[in-house]
Amino acid sequence: MQFSELNVKPQILKSIEDMEYTELTDIQKRIIPLALDYNDLIGQAPTGTGKTFAFAIPILNMVNENSFDVQATIIAPTRELAVQITNEINKLAKYLNKLKAIAIYGGELIDKQITGLRKRPQIIVATPGRLIDHLNRKTINLSSVKMVVLDEADEMLNMGFLDDINEILSRMNPNHQTMLFSATFSQEIENIANTFMHEPQKIKVNQGSLTLKQISQKYIYCREADKIEIASRIIELNDYKLVMIFCNTKKNVDEVTSQLLTRGFLAEALHGDMKQMQRDRVMARFREGTINVLVASDVAARGLDIDDVEIVFNFDLPTDDEYYIHRIGRTGRAAKSGVAISFVTRGEQRRIKEIEKYAKTSIEKGSFPSLDKVIKIRTIRLLERAKEVADSSNLKEVSYDENRFLSIIDKQLNKFEDLDKDVLIKGLLSIIINADSRNSEIEEIKEEIDNRRARRSNNGVRMFISVGRKDDIKVYTITDMLVKNTSLSNVEINAVTICDSFSFFEVPREFVHEVLSLSNEIRYKGRRLTIEEAKEDRRRYGKDMPTVISGKKALARTSKRDNKTSRLNNKNMKY
(Lines give C-alpha, C1' and ligand atoms only; values in the text may rest on other atoms or scores of the structure.)
Protein backbone atom coordinates (compact mmCIF):
# COMPACT_ATOMS: atom_id res chain seq x y z
CA MET A 1 0.00 0.00 0.00
CA GLN A 2 1.28 3.47 -0.91
CA PHE A 3 1.07 6.57 1.29
CA SER A 4 -0.57 8.36 -1.63
CA GLU A 5 -3.57 6.02 -1.24
CA LEU A 6 -4.33 7.25 2.29
CA ASN A 7 -7.40 9.40 2.76
CA VAL A 8 -5.67 12.13 4.77
CA LYS A 9 -4.98 15.85 4.43
CA PRO A 10 -3.00 16.67 1.28
CA GLN A 11 -0.50 18.68 3.37
CA ILE A 12 0.43 15.48 5.21
CA LEU A 13 0.92 13.57 1.96
CA LYS A 14 3.10 16.37 0.61
CA SER A 15 5.35 16.18 3.70
CA ILE A 16 5.66 12.40 3.32
CA GLU A 17 6.56 12.86 -0.34
CA ASP A 18 9.29 15.34 0.67
CA MET A 19 10.72 12.72 3.01
CA GLU A 20 10.76 10.28 0.05
CA TYR A 21 8.65 7.63 1.77
CA THR A 22 6.35 5.76 -0.59
CA GLU A 23 5.23 2.40 0.84
CA LEU A 24 3.67 1.79 4.24
CA THR A 25 5.20 -0.69 6.67
CA ASP A 26 3.16 -3.61 7.97
CA ILE A 27 2.04 -1.87 11.16
CA GLN A 28 1.22 1.35 9.28
CA LYS A 29 -0.99 -0.55 6.82
CA ARG A 30 -2.91 -2.14 9.65
CA ILE A 31 -3.09 0.73 12.17
CA ILE A 32 -3.66 3.88 10.11
CA PRO A 33 -7.00 2.95 8.44
CA LEU A 34 -8.45 1.78 11.78
CA ALA A 35 -7.16 4.87 13.59
CA LEU A 36 -8.69 7.16 10.95
CA ASP A 37 -12.06 5.54 11.80
CA TYR A 38 -11.59 6.54 15.47
CA ASN A 39 -11.11 3.03 16.85
CA ASP A 40 -9.27 2.39 20.11
CA LEU A 41 -6.22 0.31 19.22
CA ILE A 42 -3.55 -1.81 20.86
CA GLY A 43 -0.47 -2.25 18.70
CA GLN A 44 2.01 -4.89 19.78
CA ALA A 45 5.11 -3.96 17.87
CA PRO A 46 8.80 -3.56 18.69
CA THR A 47 10.87 -0.59 17.64
CA GLY A 48 11.87 -0.18 14.02
CA THR A 49 8.44 -1.00 12.59
CA GLY A 50 7.38 2.56 11.77
CA LYS A 51 4.81 2.91 14.55
CA THR A 52 5.49 6.64 15.04
CA PHE A 53 3.95 7.38 11.64
CA ALA A 54 1.18 4.89 12.45
CA PHE A 55 -0.19 7.17 15.18
CA ALA A 56 1.21 10.55 14.07
CA ILE A 57 -0.60 10.57 10.71
CA PRO A 58 -4.09 9.97 12.24
CA ILE A 59 -3.38 12.59 14.92
CA LEU A 60 -2.41 15.25 12.37
CA ASN A 61 -5.40 14.38 10.23
CA MET A 62 -7.69 14.82 13.24
CA VAL A 63 -6.27 18.04 14.74
CA ASN A 64 -8.06 21.30 13.99
CA GLU A 65 -5.36 23.89 13.24
CA ASN A 66 -7.69 26.78 14.02
CA SER A 67 -8.30 25.61 17.58
CA PHE A 68 -5.57 26.27 20.11
CA ASP A 69 -6.71 23.72 22.69
CA VAL A 70 -4.58 20.65 23.40
CA GLN A 71 -6.21 18.06 21.15
CA ALA A 72 -3.71 15.17 21.27
CA THR A 73 -1.40 13.88 23.98
CA ILE A 74 1.35 11.32 23.45
CA ILE A 75 2.96 9.80 26.54
CA ALA A 76 6.44 8.30 26.17
CA PRO A 77 8.82 6.72 28.71
CA THR A 78 11.98 8.72 27.99
CA ARG A 79 13.08 12.22 27.11
CA GLU A 80 14.83 10.95 23.98
CA LEU A 81 11.70 9.25 22.69
CA ALA A 82 9.53 12.29 23.47
CA VAL A 83 11.89 14.54 21.50
CA GLN A 84 12.10 12.06 18.62
CA ILE A 85 8.30 11.77 18.33
CA THR A 86 7.93 15.57 18.44
CA ASN A 87 10.49 15.97 15.65
CA GLU A 88 8.69 13.40 13.50
CA ILE A 89 5.34 15.11 14.04
CA ASN A 90 6.80 18.49 13.13
CA LYS A 91 8.26 17.02 9.93
CA LEU A 92 4.88 15.59 8.98
CA ALA A 93 3.21 18.92 9.87
CA LYS A 94 5.57 20.90 7.66
CA TYR A 95 2.69 22.27 5.55
CA LEU A 96 0.19 22.57 8.41
CA ASN A 97 1.31 26.09 9.19
CA LYS A 98 -0.76 26.74 12.32
CA LEU A 99 -0.05 23.43 13.99
CA LYS A 100 2.37 23.22 16.90
CA ALA A 101 3.74 20.22 18.80
CA ILE A 102 5.86 20.50 21.94
CA ALA A 103 7.92 18.01 23.96
CA ILE A 104 7.53 18.11 27.74
CA TYR A 105 10.03 16.12 29.83
CA GLY A 106 12.07 16.13 33.01
CA GLY A 107 15.61 17.44 33.07
CA GLU A 108 14.64 20.70 31.37
CA LEU A 109 13.71 23.92 33.16
CA ILE A 110 9.96 23.90 33.72
CA ASP A 111 9.83 27.69 33.13
CA LYS A 112 11.12 27.14 29.61
CA GLN A 113 8.35 24.61 28.98
CA ILE A 114 5.71 26.97 30.40
CA THR A 115 6.90 29.60 27.90
CA GLY A 116 6.44 27.04 25.12
CA LEU A 117 2.97 26.13 26.36
CA ARG A 118 1.91 29.78 26.16
CA LYS A 119 2.22 29.44 22.36
CA ARG A 120 -0.83 27.15 22.56
CA PRO A 121 0.38 23.88 20.99
CA GLN A 122 -2.33 21.49 19.81
CA ILE A 123 -0.15 18.40 20.42
CA ILE A 124 1.82 17.59 23.56
CA VAL A 125 4.40 14.79 23.74
CA ALA A 126 5.36 14.17 27.36
CA THR A 127 7.00 11.88 29.86
CA PRO A 128 4.58 10.86 32.66
CA GLY A 129 6.26 12.56 35.62
CA ARG A 130 6.69 15.97 34.00
CA LEU A 131 3.16 15.87 32.54
CA ILE A 132 1.75 15.40 36.06
CA ASP A 133 3.88 18.35 37.25
CA HIS A 134 2.22 20.56 34.64
CA LEU A 135 -1.25 19.22 35.41
CA ASN A 136 -0.75 20.06 39.10
CA ARG A 137 0.48 23.53 38.16
CA LYS A 138 -2.51 23.90 35.84
CA THR A 139 -0.17 24.89 33.00
CA ILE A 140 -1.67 22.10 30.86
CA ASN A 141 -5.40 21.44 30.38
CA LEU A 142 -6.33 18.06 28.93
CA SER A 143 -10.11 18.54 28.91
CA SER A 144 -10.21 19.01 25.11
CA VAL A 145 -8.00 16.03 24.22
CA LYS A 146 -9.51 13.88 21.46
CA MET A 147 -6.67 11.39 20.99
CA VAL A 148 -4.23 9.80 23.48
CA VAL A 149 -1.25 7.63 22.61
CA LEU A 150 0.72 5.51 25.09
CA ASP A 151 3.97 4.68 23.31
CA GLU A 152 6.21 1.88 24.58
CA ALA A 153 3.78 1.22 27.41
CA ASP A 154 5.74 -1.83 28.62
CA GLU A 155 8.83 0.30 29.11
CA MET A 156 6.85 2.89 31.09
CA LEU A 157 5.56 0.16 33.38
CA ASN A 158 9.08 -1.26 33.78
CA MET A 159 10.20 2.22 34.85
CA GLY A 160 7.48 2.37 37.54
CA PHE A 161 5.09 4.80 35.82
CA LEU A 162 1.92 2.73 36.27
CA ASP A 163 0.39 5.03 38.92
CA ASP A 164 1.32 8.12 36.87
CA ILE A 165 -0.33 6.70 33.74
CA ASN A 166 -3.49 5.83 35.65
CA GLU A 167 -3.61 9.32 37.14
CA ILE A 168 -3.09 11.05 33.78
CA LEU A 169 -5.76 9.00 32.00
CA SER A 170 -8.23 9.49 34.86
CA ARG A 171 -7.84 13.28 34.61
CA MET A 172 -8.72 13.38 30.90
CA ASN A 173 -12.03 13.81 29.19
CA PRO A 174 -13.18 10.16 28.85
CA ASN A 175 -14.53 10.77 25.34
CA HIS A 176 -11.28 10.36 23.50
CA GLN A 177 -9.66 7.83 21.20
CA THR A 178 -6.79 5.84 22.74
CA MET A 179 -3.93 4.03 21.05
CA LEU A 180 -1.51 1.93 23.07
CA PHE A 181 1.75 0.55 21.68
CA SER A 182 3.91 -2.02 23.40
CA ALA A 183 6.55 -4.56 22.43
CA THR A 184 5.13 -7.00 25.00
CA PHE A 185 1.66 -7.47 26.44
CA SER A 186 1.46 -7.98 30.23
CA GLN A 187 -1.43 -8.23 32.69
CA GLU A 188 -0.83 -4.61 33.76
CA ILE A 189 -1.25 -3.43 30.17
CA GLU A 190 -4.39 -5.56 29.91
CA ASN A 191 -5.70 -3.79 33.03
CA ILE A 192 -5.03 -0.35 31.51
CA ALA A 193 -6.82 -1.40 28.33
CA ASN A 194 -9.84 -2.71 30.27
CA THR A 195 -10.07 0.43 32.40
CA PHE A 196 -9.47 3.23 29.91
CA MET A 197 -10.12 1.83 26.42
CA HIS A 198 -13.38 1.07 24.61
CA GLU A 199 -13.42 -2.26 22.78
CA PRO A 200 -9.84 -1.88 21.53
CA GLN A 201 -8.78 -3.73 18.43
CA LYS A 202 -5.47 -5.58 18.80
CA ILE A 203 -2.87 -5.42 16.05
CA LYS A 204 0.20 -7.58 16.45
CA VAL A 205 3.37 -7.41 14.39
CA ASN A 206 5.45 -10.50 15.06
CA GLN A 207 9.17 -10.28 15.56
CA GLY A 208 9.54 -12.27 12.39
CA SER A 209 7.83 -9.59 10.31
CA LEU A 210 10.08 -6.85 11.60
CA THR A 211 12.47 -4.88 9.45
CA LEU A 212 14.90 -7.64 10.52
CA LYS A 213 14.61 -8.92 6.96
CA GLN A 214 16.45 -5.77 5.87
CA ILE A 215 19.23 -6.36 8.40
CA SER A 216 22.12 -8.73 7.79
CA GLN A 217 22.59 -10.39 11.20
CA LYS A 218 25.82 -12.13 12.10
CA TYR A 219 27.73 -13.19 15.16
CA ILE A 220 31.48 -13.49 15.53
CA TYR A 221 33.00 -15.89 18.01
CA CYS A 222 35.95 -14.18 19.70
CA ARG A 223 37.80 -13.49 22.92
CA GLU A 224 36.83 -10.50 25.06
CA ALA A 225 40.24 -8.91 24.45
CA ASP A 226 39.80 -9.09 20.66
CA LYS A 227 36.47 -7.26 20.37
CA ILE A 228 37.88 -3.74 19.88
CA GLU A 229 40.35 -4.92 17.23
CA ILE A 230 37.66 -6.80 15.30
CA ALA A 231 35.17 -3.92 15.43
CA SER A 232 37.90 -1.48 14.32
CA ARG A 233 38.80 -3.64 11.34
CA ILE A 234 35.20 -4.05 10.21
CA ILE A 235 34.46 -0.31 10.48
CA GLU A 236 37.65 0.66 8.71
CA LEU A 237 37.38 -1.91 5.93
CA ASN A 238 33.80 -0.93 5.04
CA ASP A 239 34.31 2.79 5.70
CA TYR A 240 31.09 2.99 7.72
CA LYS A 241 29.97 6.57 8.35
CA LEU A 242 27.47 6.01 11.20
CA VAL A 243 28.06 3.19 13.68
CA MET A 244 26.36 2.25 16.97
CA ILE A 245 28.02 0.00 19.54
CA PHE A 246 25.97 -1.32 22.46
CA CYS A 247 27.42 -2.34 25.82
CA ASN A 248 25.65 -3.70 28.90
CA THR A 249 27.26 -1.39 31.47
CA LYS A 250 28.16 2.28 31.73
CA LYS A 251 31.72 1.29 32.60
CA ASN A 252 32.06 -0.68 29.38
CA VAL A 253 30.59 2.22 27.39
CA ASP A 254 33.31 4.56 28.68
CA GLU A 255 36.09 2.02 28.24
CA VAL A 256 35.11 1.11 24.68
CA THR A 257 34.78 4.80 23.77
CA SER A 258 38.24 5.52 25.17
CA GLN A 259 39.81 2.63 23.25
CA LEU A 260 38.16 3.69 19.99
CA LEU A 261 39.44 7.25 20.47
CA THR A 262 42.98 5.96 20.92
CA ARG A 263 42.59 4.23 17.56
CA GLY A 264 41.61 7.47 15.84
CA PHE A 265 37.84 6.98 15.58
CA LEU A 266 35.48 9.90 16.20
CA ALA A 267 33.55 8.27 19.02
CA GLU A 268 31.42 9.45 21.93
CA ALA A 269 29.60 7.74 24.79
CA LEU A 270 25.90 7.83 25.63
CA HIS A 271 24.55 6.43 28.89
CA GLY A 272 22.26 7.17 31.81
CA ASP A 273 24.84 8.95 33.98
CA MET A 274 25.05 11.81 31.52
CA LYS A 275 22.99 14.96 31.94
CA GLN A 276 20.25 15.59 29.42
CA MET A 277 22.13 18.51 27.89
CA GLN A 278 25.17 16.28 27.35
CA ARG A 279 23.06 13.54 25.79
CA ASP A 280 21.35 16.01 23.48
CA ARG A 281 24.74 17.39 22.40
CA VAL A 282 26.11 13.91 21.69
CA MET A 283 23.05 12.93 19.67
CA ALA A 284 23.18 16.18 17.68
CA ARG A 285 26.83 15.53 16.83
CA PHE A 286 26.03 11.96 15.79
CA ARG A 287 23.14 13.02 13.56
CA GLU A 288 25.30 15.72 11.96
CA GLY A 289 28.14 13.26 11.35
CA THR A 290 30.60 15.21 13.53
CA ILE A 291 31.18 11.89 15.27
CA ASN A 292 30.65 8.61 13.46
CA VAL A 293 30.70 6.06 16.29
CA LEU A 294 28.19 6.18 19.14
CA VAL A 295 28.87 3.82 22.05
CA ALA A 296 25.70 3.40 24.10
CA SER A 297 24.08 1.53 26.94
CA ASP A 298 20.56 0.18 26.57
CA VAL A 299 19.08 3.42 27.89
CA ALA A 300 19.78 4.73 24.38
CA ALA A 301 18.36 1.73 22.54
CA ARG A 302 14.83 3.09 22.70
CA GLY A 303 13.74 6.38 21.26
CA LEU A 304 16.66 7.15 18.98
CA ASP A 305 15.55 8.00 15.47
CA ILE A 306 18.49 8.06 13.09
CA ASP A 307 17.73 6.66 9.68
CA ASP A 308 21.27 6.29 8.38
CA VAL A 309 22.98 4.04 10.94
CA GLU A 310 24.80 1.53 8.76
CA ILE A 311 25.91 -1.03 11.33
CA VAL A 312 25.13 -1.96 14.93
CA PHE A 313 27.56 -3.91 17.11
CA ASN A 314 26.42 -5.86 20.14
CA PHE A 315 29.76 -5.48 21.93
CA ASP A 316 28.11 -7.32 24.83
CA LEU A 317 25.20 -9.66 24.17
CA PRO A 318 22.08 -8.10 25.73
CA THR A 319 20.91 -9.56 29.02
CA ASP A 320 17.28 -9.36 27.83
CA ASP A 321 16.25 -10.94 24.51
CA GLU A 322 13.95 -8.01 23.80
CA TYR A 323 16.86 -5.57 23.89
CA TYR A 324 18.38 -7.37 20.91
CA ILE A 325 15.41 -6.25 18.84
CA HIS A 326 15.64 -2.68 20.09
CA ARG A 327 19.38 -2.51 19.49
CA ILE A 328 19.52 -3.82 15.95
CA GLY A 329 16.39 -1.82 15.13
CA ARG A 330 18.65 1.26 15.06
CA THR A 331 19.82 0.14 11.60
CA GLY A 332 17.87 -1.00 8.54
CA ARG A 333 15.39 1.86 8.98
CA ALA A 334 13.32 3.70 6.38
CA ALA A 335 13.45 0.77 3.95
CA LYS A 336 17.27 0.80 3.96
CA SER A 337 19.52 -2.19 4.51
CA GLY A 338 21.61 -2.54 7.64
CA VAL A 339 24.13 -4.79 9.36
CA ALA A 340 24.10 -6.12 12.93
CA ILE A 341 27.11 -7.95 14.36
CA SER A 342 27.13 -9.58 17.79
CA PHE A 343 30.33 -10.59 19.58
CA VAL A 344 30.05 -13.99 21.25
CA THR A 345 32.61 -15.19 23.78
CA ARG A 346 33.12 -18.67 25.19
CA GLY A 347 29.95 -20.03 26.76
CA GLU A 348 27.59 -17.56 25.05
CA GLN A 349 26.55 -19.71 22.09
CA ARG A 350 23.40 -20.69 23.98
CA ARG A 351 22.43 -17.01 24.29
CA ILE A 352 22.56 -16.61 20.51
CA LYS A 353 20.19 -19.57 20.12
CA GLU A 354 17.81 -18.04 22.68
CA ILE A 355 17.86 -14.69 20.86
CA GLU A 356 17.22 -16.41 17.51
CA LYS A 357 14.22 -18.23 18.98
CA TYR A 358 12.78 -15.07 20.55
CA ALA A 359 13.29 -12.88 17.48
CA LYS A 360 12.22 -15.65 15.10
CA THR A 361 15.23 -14.94 12.97
CA SER A 362 18.48 -16.53 11.89
CA ILE A 363 21.84 -15.12 12.95
CA GLU A 364 24.67 -16.40 10.79
CA LYS A 365 28.17 -17.10 11.97
CA GLY A 366 30.48 -14.46 10.52
CA SER A 367 34.19 -13.87 10.23
CA PHE A 368 36.40 -10.83 10.61
CA PRO A 369 38.70 -9.31 7.98
CA SER A 370 42.38 -10.18 8.04
CA LEU A 371 44.91 -7.48 8.88
CA ASP A 372 46.40 -7.88 5.38
CA LYS A 373 43.07 -6.84 3.88
CA VAL A 374 42.77 -3.84 6.20
CA ILE A 375 46.32 -2.70 5.41
CA LYS A 376 45.55 -2.96 1.69
CA ILE A 377 42.49 -0.72 2.05
CA ARG A 378 44.40 1.78 4.20
CA THR A 379 47.15 1.98 1.60
CA ILE A 380 44.73 2.49 -1.28
CA ARG A 381 42.89 5.27 0.55
CA LEU A 382 46.09 7.03 1.57
CA LEU A 383 47.42 6.92 -1.98
CA GLU A 384 44.14 8.19 -3.39
CA ARG A 385 44.14 11.08 -0.92
CA ALA A 386 47.80 11.83 -1.63
CA LYS A 387 47.09 11.90 -5.35
CA GLU A 388 44.19 14.29 -4.79
CA VAL A 389 46.34 16.73 -2.81
CA ALA A 390 49.40 16.49 -5.01
CA ASP A 391 47.59 16.67 -8.35
CA SER A 392 48.37 20.09 -9.79
CA SER A 393 44.90 20.30 -11.32
CA ASN A 394 43.41 20.22 -7.83
CA LEU A 395 45.72 22.76 -6.25
CA LYS A 396 43.17 25.54 -6.74
CA GLU A 397 40.86 23.65 -4.42
CA VAL A 398 43.53 23.28 -1.73
CA SER A 399 43.52 25.77 1.14
CA TYR A 400 46.18 28.44 1.61
CA ASP A 401 47.79 26.52 4.48
CA GLU A 402 47.91 23.31 2.46
CA ASN A 403 49.51 25.18 -0.47
CA ARG A 404 52.11 26.61 1.90
CA PHE A 405 52.78 23.20 3.36
CA LEU A 406 53.14 21.67 -0.10
CA SER A 407 55.91 24.12 -0.92
CA ILE A 408 57.70 23.23 2.33
CA ILE A 409 57.30 19.53 1.56
CA ASP A 410 58.67 20.07 -1.93
CA LYS A 411 61.77 21.77 -0.58
CA GLN A 412 62.41 19.03 1.95
CA LEU A 413 61.93 16.31 -0.67
CA ASN A 414 64.64 17.92 -2.77
CA LYS A 415 67.08 17.14 0.04
CA PHE A 416 66.39 13.46 -0.57
CA GLU A 417 66.82 13.58 -4.33
CA ASP A 418 69.38 10.76 -4.20
CA LEU A 419 66.90 8.48 -2.43
CA ASP A 420 64.69 6.16 -4.46
CA LYS A 421 61.22 7.73 -4.31
CA ASP A 422 59.53 4.31 -4.23
CA VAL A 423 61.50 3.42 -1.11
CA LEU A 424 60.55 6.75 0.47
CA ILE A 425 56.84 6.29 -0.32
CA LYS A 426 56.82 2.78 1.10
CA GLY A 427 58.51 3.97 4.27
CA LEU A 428 56.05 6.84 4.74
CA LEU A 429 53.06 4.58 4.17
CA SER A 430 54.43 2.04 6.62
CA ILE A 431 54.77 4.72 9.30
CA ILE A 432 51.30 6.14 8.70
CA ILE A 433 49.39 2.89 8.77
CA ASN A 434 51.50 1.31 11.54
CA ALA A 435 51.93 -1.78 9.44
CA ASP A 436 55.25 -2.54 11.09
CA SER A 437 53.87 -2.45 14.64
CA ARG A 438 50.81 -4.69 14.31
CA ASN A 439 50.42 -8.43 14.13
CA SER A 440 49.22 -10.36 11.16
CA GLU A 441 46.86 -12.66 13.07
CA ILE A 442 44.13 -11.85 15.60
CA GLU A 443 45.30 -14.61 17.97
CA GLU A 444 48.52 -12.64 18.58
CA ILE A 445 46.79 -9.33 19.41
CA LYS A 446 46.85 -9.75 23.18
CA GLU A 447 50.56 -10.55 23.22
CA GLU A 448 51.29 -7.51 21.02
CA ILE A 449 49.22 -5.23 23.27
CA ASP A 450 51.20 -6.45 26.29
CA ASN A 451 54.43 -5.76 24.42
CA ARG A 452 53.30 -2.25 23.57
CA ARG A 453 52.42 -1.59 27.20
CA ALA A 454 55.86 -2.75 28.24
CA ARG A 455 57.51 -0.47 25.68
CA ARG A 456 55.37 2.48 26.80
CA SER A 457 56.21 1.91 30.47
CA ASN A 458 59.91 2.07 29.62
CA ASN A 459 59.57 5.30 27.67
CA GLY A 460 56.41 6.82 29.16
CA VAL A 461 56.26 9.70 31.61
CA ARG A 462 53.40 9.97 34.12
CA MET A 463 51.70 13.39 34.08
CA PHE A 464 49.34 15.08 36.53
CA ILE A 465 46.45 17.37 35.48
CA SER A 466 44.29 19.42 37.86
CA VAL A 467 40.86 18.21 36.74
CA GLY A 468 38.97 15.15 37.97
CA ARG A 469 35.75 13.26 38.41
CA LYS A 470 34.04 16.06 40.33
CA ASP A 471 34.53 18.28 37.26
CA ASP A 472 32.60 15.74 35.16
CA ILE A 473 35.69 14.96 33.09
CA LYS A 474 35.92 11.78 31.04
CA VAL A 475 38.92 9.83 29.73
CA TYR A 476 38.13 10.76 26.16
CA THR A 477 37.81 14.45 27.10
CA ILE A 478 41.39 14.53 28.42
CA THR A 479 42.62 12.63 25.36
CA ASP A 480 40.78 14.98 23.02
CA MET A 481 42.11 18.02 24.87
CA LEU A 482 45.73 16.90 24.47
CA VAL A 483 45.37 15.87 20.83
CA LYS A 484 43.84 19.23 19.88
CA ASN A 485 46.56 21.31 21.56
CA THR A 486 49.73 19.29 20.99
CA SER A 487 51.28 17.14 18.29
CA LEU A 488 50.31 13.99 20.24
CA SER A 489 48.08 11.41 18.58
CA ASN A 490 45.45 9.41 20.46
CA VAL A 491 47.56 6.27 20.47
CA GLU A 492 50.44 8.08 22.25
CA ILE A 493 48.29 9.00 25.28
CA ASN A 494 48.00 6.10 27.71
CA ALA A 495 47.10 5.06 31.24
CA VAL A 496 44.55 7.85 31.74
CA THR A 497 43.25 7.61 35.31
CA ILE A 498 40.44 9.82 36.65
CA CYS A 499 40.48 10.63 40.39
CA ASP A 500 38.12 12.89 42.34
CA SER A 501 40.02 16.18 42.05
CA PHE A 502 42.77 15.39 39.58
CA SER A 503 43.79 12.91 36.91
CA PHE A 504 46.87 11.20 35.47
CA PHE A 505 47.97 10.27 31.98
CA GLU A 506 51.12 8.96 30.40
CA VAL A 507 52.91 10.27 27.30
CA PRO A 508 56.18 9.37 25.55
CA ARG A 509 59.19 11.17 27.03
CA GLU A 510 59.77 13.19 23.86
CA PHE A 511 56.38 14.92 24.24
CA VAL A 512 56.69 15.94 27.91
CA HIS A 513 58.14 19.38 27.14
CA GLU A 514 55.25 20.12 24.79
CA VAL A 515 52.61 18.93 27.26
CA LEU A 516 54.10 20.94 30.13
CA SER A 517 53.91 24.07 28.02
CA LEU A 518 50.09 23.76 28.23
CA SER A 519 50.10 24.28 32.01
CA ASN A 520 47.99 27.33 32.93
CA GLU A 521 47.40 27.97 29.23
CA ILE A 522 44.72 25.40 28.51
CA ARG A 523 41.22 25.76 29.99
CA TYR A 524 38.36 23.44 30.89
CA LYS A 525 34.95 25.01 31.54
CA GLY A 526 36.66 28.40 31.84
CA ARG A 527 39.21 27.27 34.44
CA ARG A 528 42.96 27.25 33.82
CA LEU A 529 44.42 23.78 34.30
CA THR A 530 47.76 22.88 35.84
CA ILE A 531 49.78 20.11 34.22
CA GLU A 532 52.77 18.73 36.13
CA GLU A 533 55.13 15.80 35.84
CA ALA A 534 54.39 13.30 38.63
CA LYS A 535 57.35 11.75 40.42
CA GLU A 536 57.75 8.33 38.90
CA ASP A 537 58.29 6.67 42.28
CA ARG A 538 54.96 8.00 43.68
CA ARG A 539 52.04 6.81 41.59
CA ARG A 540 49.51 6.38 44.38
CA TYR A 541 46.34 8.38 44.12
CA GLY A 542 43.02 8.65 45.92
CA LYS A 543 42.83 10.43 49.24
CA ASP A 544 46.52 11.43 49.21
CA MET A 545 47.60 14.01 46.68
CA PRO A 546 50.60 12.56 44.82
CA THR A 547 53.95 14.26 44.88
CA VAL A 548 54.45 16.22 41.69
CA ILE A 549 57.36 18.11 40.26
CA SER A 550 56.53 21.77 39.78
CA GLY A 551 55.85 22.85 36.25
CA LYS A 552 58.84 25.20 36.15
CA LYS A 553 61.28 22.60 37.46
CA ALA A 554 59.84 19.85 35.27
CA LEU A 555 60.01 22.07 32.20
CA ALA A 556 63.64 22.88 32.87
CA ARG A 557 64.44 19.20 33.45
CA THR A 558 62.67 18.21 30.25
CA SER A 559 64.46 20.89 28.24
CA LYS A 560 67.78 19.31 29.14
CA ARG A 561 66.53 15.92 28.02
CA ASP A 562 65.13 17.11 24.74
CA ASN A 563 66.08 20.45 23.28
CA LYS A 564 64.49 19.61 19.94
CA THR A 565 60.95 20.46 21.05
CA SER A 566 59.99 24.10 21.47
CA ARG A 567 57.13 25.57 23.45
CA LEU A 568 53.85 25.97 21.59
CA ASN A 569 53.12 29.47 20.38
CA ASN A 570 49.41 29.17 21.20
CA LYS A 571 48.44 31.14 24.29
CA ASN A 572 45.23 31.09 26.33
CA MET A 573 44.04 27.96 24.57
CA LYS A 574 40.44 27.16 25.44
CA TYR A 575 38.70 23.84 25.56
Side-chain angles (χ1 to χ4, degrees), residues 255 258-264 412 427-428 430-439 445-468 473-499 502-524 528-542 544-571 573 575:
E255 288 179 354
S258 177
Q259 290 182 65
L260 288 170
L261 283 167
T262 64
R263 289 170 175 262
Q412 297 306 313
L428 286 169
S430 181
I431 292 169
I432 294 169
I433 64 177
N434 288 323
D436 56 341
S437 66
R438 303 181 74 170
N439 293 310
I445 290 171
K446 190 175 186 299
E447 180 183 353
E448 174 62 15
I449 290 172
D450 292 338
N451 291 338
R452 289 185 198 169
R453 285 174 177 165
R455 291 197 295 272
R456 287 198 297 262
S457 64
N458 292 333
N459 188 43
V461 177
R462 191 76 158 165
M463 307 298 294
F464 163 93
I465 184 168
S466 60
V467 64
I473 198 80
K474 295 290 188 291
V475 169
Y476 53 86
T477 311
I478 291 176
T479 305
D480 194 36
M481 187 187 300
L482 293 168
V483 168
K484 285 182 178 179
N485 294 301
T486 70
S487 53
L488 283 162
S489 64
N490 277 305
V491 76
E492 289 161 327
I493 305 165
N494 299 288
V496 181
T497 306
I498 308 290
C499 303
F502 48 86
S503 301
F504 295 104
F505 59 91
E506 195 170 282
V507 296
R509 191 171 298 281
E510 59 267 27
F511 291 97
V512 172
H513 182 104
E514 190 176 353
V515 172
L516 287 171
S517 69
L518 299 179
S519 186
N520 293 318
E521 301 291 345
I522 198 166
R523 300 188 182 200
Y524 178 71
R528 291 179 186 271
L529 300 183
T530 301
I531 300 178
E532 314 277 5
E533 182 179 342
K535 278 188 177 180
E536 294 180 15
D537 59 343
R538 289 287 305 277
R539 295 192 179 182
R540 294 191 174 213
Y541 50 88
D544 299 321
M545 174 71 79
T547 304
V548 297
I549 303 171
S550 71
K552 187 175 180 181
K553 190 183 292 184
L555 197 56
R557 181 181 297 182
T558 310
S559 297
K560 291 179 182 178
R561 281 199 300 256
D562 186 4
N563 58 10
K564 295 180 182 179
T565 309
S566 61
R567 288 176 62 93
L568 293 180
N569 292 324
N570 299 351
K571 297 297 181 182
M573 289 168 287
Y575 184 75

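Quick caveat, the model's predicted, so the values are computed rather than measured.
- With sequence neighbours excluded, the residues forming a side-chain contact (heavy atoms from CB on, under 4.5 Å) with S258 are V475, listed by chain and number.
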**OP:** Go through the steps to decide whether F511 and L482 satisfy the test side-chain contact (heavy atoms from CB on, under 4.5 Å), and finish with yes or no.
**Re:** CA-CA 11 Å; F511 291 97; L482 293 168; over 6 Å; no
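- Expressed to the nearest 0.5 Å, how far CD of E532 lies from OG of S466 amounts to 8.0 Å.
- Screening L529, I465, V496 for a side chain to side chain contact (heavy atoms under 4.5 Å, CB included) involving S503 leaves a single residue, I465.
- Partner of M481 under the side chain to side chain contact (heavy atoms under 4.5 Å, CB included) criterion, chosen from I522, T486, I493: I522.
- In this structure, CD1 on I473 lies 14.5 Å from CZ on F502, to the nearest 0.5 angstrom.
- With R462 as the partner, the side chain to side chain contact (heavy atoms under 4.5 Å, CB included) test is satisfied by one option alone out of V512, T497, N494, V507: T497.
- Contact detail for I531 and L516: the closest heavy-atom pair is O-CD2, 3.7 Å.
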